Amino acid sequence: QLQLVASGGGLVQPGGSLRLSCAASGFTLDNYAIGWFRQAPGKEREGVSCISSSETSTLYYESVKGRFTISRDNAKNTVYLQMNSLKPEDTAVYYCARRPRGQCLGPYDYWGQGTQVTVSS
């Protein structure tokens, strides 16, 4: 069974940090680019970041530039999202998704389970 499971979310105070993990099963992650998305209550899903399969490029959306870092460990079949300087507006369910090409271009073909991130004092 193909699975992308996001984990590592939780409750954190403003200015704090979390590291999210996106663990793949049923396929190997090394041939795919992986993106992170988030969706807050009452809002549409928005992109967060993307990393290419060869680690040659990364993409960050404007709202998280300078605060979030995406990385991958193909040996562990996992992609990470390090989130620093968290703000209340970062509160959302975070999802990871697979791109069938190795670059951060084109559509996503598989979406994973989300993890809740809550930033509040």
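Every value quoted in this text rests on a predicted model; they were computed, and no experiment measured them. Positions are given from 1, in the same order as the sequence printed here.
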*From W36 CH2 over to C22 SG, what is the distance, rounded to the nearest 0.5 angstrom?*
5.0 Å
_Can a donor-acceptor pair be found, under 3.5 Å and without considering hydrogens, that links the side chain of S53 to the backbone of G102?_
yes
_Side-chain donor or acceptor of R67 paired with backbone N/O of S85 under 3.5 Å_ = yes
_Donor-acceptor contact present, side-chain N77 to main-chain T28, <3.5 Å_ = no
*If we only count heavy atoms from C-beta on, is the L20 to M83 side-chain gap below 4.5 Å?*
yes
*Which heavy-atom pair separates F27 from R98 by the least distance, and what is that distance?*
CE1-CD, 3.4 Å
*asked:* When you measure from the side chain of Y60 to the backbone of I70, do you find a donor-acceptor pair of N or O atoms at a distance under 3.5 Å?
replied: yes
*asked:* Donor-acceptor pair, distance only, cut-off 3.5 Å: does the side chain of R99 make one with the backbone of G106?
replied: yes
*Once the angle between the rings of Y94 and F68 is folded into 0 to 90°, is it parallel (under 30°), tilted (30 to 60°) or perpendicular (over 60°)?*
tilted
*Rounded to the nearest 0.5 Å, what's the gap from CZ on R45 to CH2 on W111? Could you check?*
4.0 Å
_Once rounded to the nearest 0.5 Å, what's the spacing between atom OG of S49 and atom CD1 of I34?_
11.5 Å
*For the pair R72 and D30, find out whether any cationic side-chain nitrogen is under 4.0 Å from an anionic carboxylate oxygen.*
no
*Main-chain N/O of K76 paired to T78 side chain as donor or acceptor, under 3.5 Å*: yes
*Evaluate the side-chain proximity of C50 to F37: yes if any heavy-atom separation is below 4.5 Å, no if none is.*
no
*Determine whether V79 and C96 make a side-chain contact, defined as any pair of heavy atoms from C-beta on separated by less than 4.5 Å.*
no
*Answer yes or no: are there more than 12 heavy-atom neighbours, outside Q39 itself, under 6.0 Å from its atom CD?*
yes
*Do S52 side-chain atoms and C104 backbone N/O form a donor-acceptor pair below 3.5 Å?*
no
_For Y32, all residues meeting side chain to side chain donor-acceptor pair (under 3.5 Å), sequence neighbours excluded_ = none
*Is any side-chain heavy atom of L18 less than 4.5 Å from a side-chain heavy atom of Q82?*
no
